[in-house]
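Heads up, the thing below is written out as structure tokens.
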Amino acid sequence: MAPKKKAEAVKGPWMLGRFSTHLKVGLVGPPNVGKSTLYNSLSKSHHSEAANYPFCTINPSETRVHVEDERFDWLVEHRQPKGTVKPFLTVVDIAGLIKGASTGAGLGNAFLSHINAVDGIMHVMRAFEDDDVIHHDDKPNPVADIEMITSELRIKDLAMMEGIKQAHGRMKQGCATKSPAALKAWEVEREAIDRFIAWMEAGKDIRNGMEEWSTKDIEFLNDYQLLTSKPVMFVVNMNFVDFKRKKNKFLKPIFDWVQVNAPGSMIIPYCGSYEEEIQELDAEAVKLREAAEDGAPSALPKMIRNAFNMVNLIYFFTYGPLEVRAWVIRKGFKAPQAGSVIHTDFEKAFIMAEVMAFDELKEAGSEAKMKELGRWRQEGKEYVVQDGE
């Protein structure tokens, strides 16, 4: 009997990007839109300088922020462990980009290398007017700002792809000499390179071509790590009055632009000054402040959760009397890979994993009941770990 043909993986945005548990999200935008203020609020610190002049951030600051999860809280309440380790996301504050950054204007080359080091982009957009806060282009225009930034990223990617194309061209003779198969593989990559270049020359970002790219194309893209292949979300910095009513003259143009140029990407309005004010308050004081402001909730938990999901991170739980812990992994990891984040030996000597679904455990109330119901599962090496197991 002929061997079964291996099924091609179901394509999806989760396939694009580094397969690692050490993924980062970068705050990106022009100067003075509120990136460093947002970063300080996210990290509950002040080690990223926030000042009213361009390039007040040069070296990127980096912090870990906790991802709040009701499932984790339930496990802690249920088991009352001695210690806890929450899931986290690494956030990087990247200095402001200006027009011409792709060719080195301002401190452009350094900043673009900082963007290259992250796995997802959180575009920070200024949607408020304030004569006391300098704008790099005289007056706020968030759509013009995002057009400028995405254009600079595409220009940089095109320059990189031209370099890759030239280097690839020099390999043709060696592949032809080696074998017909090697030459064929060379031709496949050359065709992919030409498609990627044509796509970006048409003003389109690589991440928006998932319907066009084959799984082999995605393998090439994951090797190239282009700036426009990174997932994006948009956080819109508003004044407090506009934030409370969730509208102003800038929001509709931003929404329209995102639907065309980054379909499916999340847009989250927030007020940077409000987040800065409440960052030092404890949980109870924050609730009182939100109530006093007609229930204006902090946007940070939603921002963090969506940024975490955007870079295709998930986590599984281990829990017992000593510790409840969330282990962060990349979506798509199989059980041995997931086990390696606990200890590398778990991947090498993997036999099976004992797994429960959180929702079923919560419904059953205990591990003993889960076993009684037959929902305590044993999974093998090919099992793909799901979020919250």
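FYI, side chains are in, hydrogens and waters are out, and symmetry mates aren't considered; it's all heavy atoms of this structure. Residue numbers run from 1 in the order of the sequence given.
- Scored by the side-chain hydrogen bond (donor to acceptor under 3.5 Å, both in side chains) test, Trp186 finds His168 as partners (sequence neighbours excluded).
- Every residue meeting the side-chain contact (heavy atoms from CB on, under 4.5 Å) condition with Leu373, not counting sequence neighbours, appears here in chain and number order: Ala364, Lys369, Arg375.
- Shown here for Tyr319 and Val324, the closest heavy-atom pair between the two residues is CB-CG2, 3.7 Å.
- For the pair Arg325 and Trp327, the cation-pi criterion (under 6.0 Å, within 45° of the ring axis) is fulfilled.
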| request: Start with the C-alpha distance between Phe308 and Tyr315, add both sets of side-chain angles, then the distance that settles ring-ring contact (aromatic ring centres under 6.0 Å, His included), and finish with yes or no. | output: CA-CA 10 Å; Phe308 188 88; Tyr315 43 83; 5.4 Å; yes
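- Stacking of Lys86 on the aromatic ring of Phe88 is not recorded, the 6.0 Å distance cut-off and the 45° axial limit not both being met.
- Closest approach of Leu221 and Trp213 over heavy atoms only: CD1-CD1, 3.7 Å.
- The minimum heavy-atom distance linking Val25 with Ala307 is given by the pair CG2-O, 3.9 Å.
- Here the two rings, on Phe234 and His123, have centers that are under 6.0 Å apart.
- Closest approach of Gly332 and Gln337 over heavy atoms only: O-OE1, 4.4 Å.
- In this structure Lys184 satisfies the side-chain contact (heavy atoms from CB on, under 4.5 Å) test together with Glu187, Val188, sequence neighbours excluded.
- Pairing each heavy atom of Thr84 with each of Val76, the nearest pair is CG2-CG2, 3.7 Å.
- Phe243 does not carry Arg245 over the face of its six-membered ring by the limits of under 6.0 Å from the centre and within 45° of the normal.
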